[in-house]
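Structure first, then comments.
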Amino acid sequence: MSYRIAICDDSAADRTYIKSLIHIWAKKQAVSFQAKEFPSAESFLFCYETDKAWDILLLDIEMGDMDGVSLAKKLRQDNESLQIVFITGYSDYIAEGYEVAALHYLMKPLKKEKFFAVLDRAVEKLKKNEKVLTFDLSGETVRVPIWQIIYAEVQLNYVTIHAKEKIRIKMTLSDLQRELDDRFYRVGRSVIVNLTQVRRVTRSDIYLAGGIVLPLPRGAYEGLNRAIIQMR
């Protein structure tokens, strides 16, 4: 498989260096890729409007009129599968990286082995995104890519899967959980959440993408936060 990688940085020297590291990583891992450089957030966004088929975005934060965090927030409005990696010389934006479900936050100057490890994780996640669940609903076959699942909840003998569309199917939550991967975490007895969709957690609520708020069962706060940290 060939991966499309965008390098968005206002420093030409940094773009060149990042691209050289990608070449070394790709040769080491025996993968093919297409990389394109963008000198600003605006230039990437202009391209993205007609070509959304990007797999990995290596994104600087401090750039011109539109910063990297603002670009990432705009992209996340309709794209949850893009693997966003912030590469920056500033450490003040880690919370924002969490908000846009960034895969990782790397500091400049880049450490080669750390960068390679993050690219490996990005590829692993992209491969997971290929998995699809198939359901037979009243004679109709419905296919749901698991990365699109935001959360699932059970009521009596039925599970409702909240993705781009809601799907209600007769099954147990445990049966669904066995079909998912380590991006998903069971919160209490009645809900499974996609950890990549979590935007904020308080002692009483889980805030998910799209403005969804779920109540957090008593005693579940520590376990959920630990799962989020381990996933990242």
D55 side-chain N/O to R4 backbone N/O, donor-acceptor pair under 3.5 Å:
yes

Tell me, yes or no, whether the heavy-atom count around D65 atom CG, taken from other residues, nucleotides or ligands under 6.0 Å, exceeds 12.
no

Heavy-atom side-chain proximity of Q148 to H162 below 4.5 angstrom
no

Rounded at 0.5 Å granularity, tell me how far OH in Y151 sits from CD1 in I192.
13.0 Å

Could you walk me through whether E80 and K125 pass the salt bridge (Lys or Arg N to Asp or Glu O under 4.0 Å) test, one step at a time?
CA-CA 12 Å; E80 292 291 340; K125 285 204 165 192; over 6 Å; no

Tell me, yes or no, whether the heavy-atom count around K36 atom NZ, taken from other residues, nucleotides or ligands under 6.0 Å, exceeds 12.
no

Qualifying residue, where the test is side-chain contact (heavy atoms from CB on, under 4.5 Å) with L110 and the options are D14, L21, L58:
L21

To check you understand the geometry: which heavy-atom pair defines the closest contact between I56 and L82, and what is its length?
N-CD1, 3.9 Å

Closest approach of R199 and A209, non-hydrogen atoms and distance?
NH2-CB, 3.6 Å

How are the rings of F38 and W54 set relative to one another: parallel (under 30°), tilted (30 to 60°) or perpendicular (over 60°)?
perpendicular

Please round to the nearest 0.5 Å and tell me the distance separating atom CD of E42 and atom CE of M63.
7.5 Å

Could you tell me whether the side chain of Q29 and the main chain of K27 form a donor-acceptor pair under 3.5 Å?
no

Do other residues, nucleotides or ligands put more than 12 heavy atoms under 6.0 Å from the OH atom of Y158?
no

Candidate pair I149 and L180, rule side-chain contact (heavy atoms from CB on, under 4.5 Å), full reasoning:
CA-CA 10 Å; I149 299 174; L180 302 174; 4.1 Å; yes

Please report the closest heavy-atom contact between L195 and A227, naming both atoms and the distance.
CD1-O, 3.8 Å

Electrostatic pair R203-E222, nearest N-O below 4.0 angstrom:
yes

Is a side-chain N or O of R15 found less than 3.5 angstrom from the main chain of D9, in a donor-acceptor match?
yes

What one should report as the nearest heavy-atom pair of W147 and S81 is CZ3-N, 3.9 Å

Is D181 salt-bridged to K131, cutoff N-O under 4.0 Å?
no

NZ/NE/NH1/NH2 to OD/OE distance under 4.0 Å, D182 and K128
yes

Does any non-hydrogen side-chain atom of V187 lie less than 4.5 Å from one of P217?
yes

Minimum-distance pair of heavy atoms, taken over all atoms of V100 and R76:
O-NE, 2.7 Å

Among side-chain atoms of T196 and N194, is any donor-acceptor pair under 3.5 angstrom?
yes

Report yes if the side chains of V154 and S190 come closer than 4.5 Å at any heavy-atom pair, otherwise no.
yes

Is E49 paired with K74 through a side-chain N to carboxylate O contact shorter than 4.0 Å?
no

Is there a donor-acceptor pair closer than 3.5 Å between any side-chain N or O of D51 and the backbone N or O of C47?
no

Within the supplied structure, the quantity of interest is the number of heavy atoms (other residues, nucleotides, ligands) at a distance under 6.0 Å from K111 NZ; does it exceed 12?
no

Check whether any side-chain N or O of R121 sits under 3.5 Å from a backbone N or O of E124 as a donor-acceptor pair, and report yes or no.
no

